[in-house]
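Here is the structure we will look at, set down as structure tokens.
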Amino acid sequence: MAGEAPELSAQERAGKAFPVSWDQFHRDCRALTWRLNEVGPFHAVIAITRGGLVPAAIVARELGVRIIDTVCIASYDHDKQGELQVLKGISDAAMELGGGTGKGLLIVDDLVDTGKTGKLVRDMLPDAHFATVYAKPKGRPLVDTFITEVSQDTWIFFPWDTALSYHPPLRDGAA
Ligand SMILES: O=P(O)(O)OC[C@H]1O[C@H](OP(=O)(O)OP(=O)(O)O)[C@H](O)[C@@H]1O
Ligand SMILES: Nc1nc2[nH]cnc2c(=O)[nH]1
Ligand SMILES: [Mg+2]
């Protein structure tokens, strides 16, 4: 409508950028595993795709877990969150391993932001342990273990979504 401010994307609302390199991400996943090692053992890892696939692979390798399942959820179109869509649920085999409630299962995602995605999966597996690498304040209460908290107005850029590119100097004309 004329005169109405355009809707801001999550990334625009989140003014600060937090770029994460592969090295940093790997280090943060290993740090997460150190904490999780105190909590386990786990029968299986449940990765929330797609972002949870990379940390799930690293965490499962460190913890020696060979059974990995996925729950496939989409809600963000780049940086705009819409309705959550469960594209694939948790498999019957993983459900059975968790006794129907998720006991002894480890849910892994890259981050919690509003917490909507995490809440949906927690409701499917109430007794599972939920771990993320990064957490923003709104989603943080849903997470059992995480490594780094960033402010709600920060947008995290993951290495699989980014590439090295030229960055102009801060001072005009210094190039
Ligand atoms: O706490 P929330 O506000 O729900 O946001 C967190 C979710 O958003 C991102 O996934 P996305 O829906 O972008 O899909 P992707 O993992 O396939 O990138 C991220 O990987 C989390 O799963
Ligand atoms: N890449 C990325 N995806 C998100 N989905 C929800 N919040 C974020 C974020 O900060 N970064
Ligand atoms: Mg995701």
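Remember, it's 1-based here, ligands and their atoms both numbered in the order they're listed.
Between Ser75 and ligand 1 there is a heavy-atom distance shorter than 4.0 Å. Not a single heavy atom of Gly118 sits under 4.0 Å from any atom of ligand 1.
A perpendicular orientation is assigned to the rings of Trp155 and Phe157, their planes being inclined by more than 60° (bins at 30° and 60°). Below 30°, between 30° and 60°, or above 60°: for Phe25 and Trp160 the angle between ring planes is above 60°, a perpendicular geometry.
Heavy atoms of Thr114 found under 4.0 angstrom from ligand 2: none, in either backbone or side chain. With a heavy-atom cut-off of 4.0 Å, Ile156 touches ligand 2 through backbone and side chain alike. Contact annotation: for Leu84 versus ligand 1, there are no heavy atoms closer than 4.0 Å. Contacts with ligand 2 closer than 4.0 Å are made by no heavy atom of Gln81, backbone or side chain. Only the side chain of Asp109 comes within 4.0 Å of ligand 1, judged by heavy-atom distances. With a 4.0 Å cut-off on non-hydrogen atoms, Asp110 touches ligand 1 through its side chain and not its backbone.
Relative to atom 9 (C) of ligand 2, the option among Trp155, Phe157, Trp160 with the closest non-hydrogen atom is Trp155. Distances from atom 16 (O) of ligand 1 to the heavy atoms of Gly115, Ala47, Gly51, Gly82 put Gly51 nearest.
Remark: the Ser151 side chain and the Asp153 side chain contain an N/O donor-acceptor pair separated by less than 3.5 Å.
For NZ of Lys103, the number of neighbouring non-hydrogen atoms (other residues, nucleotides, ligands) closer than 6.0 Å is 12 at most.
Remark: Lys88 engages Asp69 in a salt bridge, criterion side-chain N to carboxylate O under 4.0 Å.
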